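The structure under discussion appears below in the form of structure tokens.
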Amino acid sequence: MRLKLSFQIKLFLCLVAFSCLLLTCIGAYTYYQLDAQLHRDLGARAQVQAREIALIPSLVDAVENNDAARIAALMKKIRASSDASYIVIGDNHARHLYHSEYEGRLGTPMIGGDNKEVLEGKSIISIRKGGIGVSLRSKAPILDENNRVIGIVSVGYLKSHIDNLNARTLTQIIGSIVLLLIALFVFSWLLSKNLKRQMFWLEPKEIALLVRQQKALLEAIYEGVIAIDPQLRIITINHAARELLDLHQPAAGLLGRPIGDVIQAQPNFFVAAQLGQDTHDEVCRFNHVRVIASRVRIMQEQELQGWVISFRDKNDINTLSSQLSQVKRYADNLRIMRHEQLNWTATLAGLLHMQRYDEAIRYVEAQSEGAQEILDFISQRFSSAALCGLLLGKYSSAREKGIELRFDPACQLRQIPAALNETELMSIVGNLLDNAVEATLHYPAPHEAIELYISDGSDELVIEVADRGTGIAEEIRDTLFEQGVTTKADKSDHGIGLHLVASHVAQAHGSIEVSDNEPHGAIFSIFIPK
């Protein structure tokens, strides 16, 4: 089985392996440099000693006379103060006159093959194998008063002595490397553990999956979402936000830009005084688009990491509210019809209980005749079942309020225009009828009938609703179809219906005309091409 290591262990092992390799290379390079420096230093030291010894007058005189005993006496004091492995004095024929380590070599040749240059008057540094082993040595010529070479001084350091010095240096280097490795082990483990904690103990593959999921989630959200860092720079933005704010740049081109350069907010949604707290469902304007925005802080261990801003078009909320209100009105219409039906049933049951059968029959005939007549008219003239249900509900609702809803005899609808769906048609008709009923109720009684005309007999669908209500005030006539504009006293839940009607008509490439219905009231005429 293949062993799967966690990210923390992998990072730790990689850091340790790299550290070991790096420290090994550094140690080897340091040892090589120190060894070379040691050879240079010892060679220079041996050369200095050899030259100084060769200049001693008494030694020059003793060598010139081949006085070995005198040479030994002179060199005894010098040998005691020198750190060299050996000191050798030879004559001009490269034979031993003195050897600090072996007295029995007197008269024997100096070996190593490096005496020729010295006898020519040169001072040298060489590594040769002599009588007591391989050594780093320096040789200097002994000159008489006439500058003739009369002897040789050789000062050397044995290779074993140099190796001992290098061994001590190497031991110190290895000790330092071991201490550094221990420190690096601890550092690597703590670093990998800290990184894993900052990654919320997730593996890189898990983080990559989360990033892809986050991107897919942001693009799937209908709302606009923007995340910004503590410096108010954009760190992520989804497609819905760019589309809503009409930003044509790709997301990558917006990342890193200050949020103030991308969004002009009124009131200032990004002022420092407000960023210290979260806010929800605040109505403001982003780039001339009215939105409902929320701002939530991103906190990590009590430290602010940025903010997430989500927003949606305020018109979408108003449209949804209007549609929900319309559904509520449909439900109210059904309750009215149910209430009316219960009253009718209770009346019929009372007549039967009192055994007034003739009156019960006449009552049933009268009720069924009126209901059947309007039902037959609506079902025969309009092909949309949903529209038929809406009109029956509006008819009953208006009658419950004491208002007659009168259908033009020329009404007919065989096919809904392609640019308009059934729901949008019901929204247009329902809102116009509701406004007509409201306007009629606000006019003093007795309330006159509301007239409805729907026809697709020509090249366009015509919808016309006429009422005898309060009419349209001159000051709002030009802004009647704007959102929030209403003639009602309570403006909190109104001003949406006509805006929704205008939106549906504009989408279907239609037009709306508003005229006065003399002597009072208003006529709304809608024309939608087929």
Side-chain angles (χ1 to χ4, degrees), residues 319-338 340-341 370-401 403-440 449-467 481 496-514 522-530:
T319 301
L320 179 60
S321 175
S322 175
Q323 291 174 344
L324 290 176
S325 299
Q326 187 171 337
V327 171
K328 183 179 179 181
R329 289 195 296 269
Y330 294 162
D332 292 340
N333 291 336
L334 291 176
R335 284 196 295 268
I336 291 171
M337 294 180 68
R338 177 178 176 273
E340 186 177 357
Q341 185 67 24
Q372 190 63 42
E373 183 180 354
I374 191 65
L375 178 61
D376 290 342
F377 179 85
I378 291 176
S379 60
Q380 291 173 4
R381 297 302 181 96
F382 304 104
S383 60
S384 171
L387 181 61
C388 291
L390 172 68
L391 294 177
L392 284 173
K394 296 297 182 183
Y395 178 84
S396 300
S397 175
R399 190 172 64 175
E400 185 78 11
K401 296 175 181 178
I403 301 173
E404 179 186 358
L405 176 57
R406 188 177 300 164
F407 295 90
D408 192 288
C411 284
Q412 69 168 27
L413 178 62
R414 300 306 176 195
Q415 185 177 3
I416 300 175
L420 198 69
N421 60 42
E422 191 174 54
T423 302
E424 293 169 345
L425 176 62
M426 293 170 62
S427 176
I428 293 173
V429 175
N431 279 297
L432 290 179
L433 289 177
D434 287 341
N435 285 346
V437 170
E438 289 287 338
T440 303
I450 296 173
E451 297 176 344
L452 173 64
Y453 172 71
I454 301 177
S455 176
D456 63 346
S458 61
D459 293 336
E460 56 188 1
L461 170 64
V462 180
I463 303 173
E464 191 170 85
V465 177
D467 65 72
F481 296 101
I496 301 175
L498 288 180
H499 171 73
L500 200 61
V501 169
S503 299
H504 293 326
V505 172
Q507 185 177 353
H509 307 291
S511 60
I512 305 177
E513 294 181 2
V514 181
I523 302 175
F524 285 82
S525 302
I526 295 177
F527 306 93
I528 300 176
K530 294 167 61 177

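Predicted model only: the values in this text are computed from it and were never measured. Residue numbers count from 1 along this sequence.
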- Take L425 and L413 through the side-chain contact (heavy atoms from CB on, under 4.5 Å) test and state the conclusion after the steps. CA-CA 11 Å; L425 176 62; L413 178 62; 3.7 Å; yes
- Message: Applying side-chain contact (heavy atoms from CB on, under 4.5 Å) to N435 and D467, what does each step give before you reach the verdict?
- Response: CA-CA 9 Å; N435 285 346; D467 65 72; over 6 Å; no
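Note that CZ of F524 and CD1 of I463 are 13.0 Å apart. Values are rounded to the nearest 0.5 Å. Taken from CG in L433 to CD in E438, the straight-line distance is 12.0 Å, to the nearest 0.5 Å. Atom-to-atom distance recorded for I403:CD1 and K394:NZ is 12.0 Å, nearest 0.5 angstrom. Expressed to the nearest 0.5 Å, how far CD1 of I512 lies from CD1 of I528 amounts to 8.5 Å. A distance of 4.5 Å separates CD1 in I526 from CG in L432, rounded to the nearest 0.5 Å. Remark: S503 OG to Q507 CD distance equals 8.5 Å, nearest 0.5 Å.
E404 meets the side chain to side chain donor-acceptor pair (under 3.5 Å) test with R406; sequence neighbours excluded. Legend: residues meeting side-chain contact (heavy atoms from CB on, under 4.5 Å) with E464, ordered by chain and number and at least two apart, are Y453, I523, S525. Not counting sequence neighbours, E460 has no partner by the salt bridge (Lys or Arg N to Asp or Glu O under 4.0 Å) test. Partners of A386 under the side-chain contact (heavy atoms from CB on, under 4.5 Å) rule, at least two apart in sequence or in another chain, are S384, E422, M426.
C388 and S379 make their closest contact through SG-CA, 4.1 Å (heavy atoms, listed as atom of the first residue, atom of the second, distance). Counting all heavy atoms, side chain and backbone alike, L390 lies closest to G430 at CD2-N, 4.0 Å. Minimum heavy-atom separation, P529 to G510: CD-CA, 3.9 Å.
Between F377 and F407, the angle of the ring planes lies from 30° to 60°, which puts this pair in the tilted group.
Using a distance-only test at 3.5 Å, with no hydrogens or angles considered, a donor-acceptor pair links the side chain of S396 to the main chain of L392. At distances below 3.5 Å, not a single donor-acceptor pair connects side-chain atoms of R381 with backbone N or O atoms of S455. Side-chain N or O atoms of D456 include one that pairs as donor or acceptor with a backbone N or O of R414 at under 3.5 Å.
L452 has its side chain out of reach of I450: every pair of non-hydrogen atoms, C-beta onward, lies at least 4.5 Å apart. Looking at L420 and I428, their side chains come closer than 4.5 Å, going by heavy atoms from C-beta outward. Taking the side chain as every heavy atom from C-beta outward, I374 and L405 never approach each other to under 4.5 Å.
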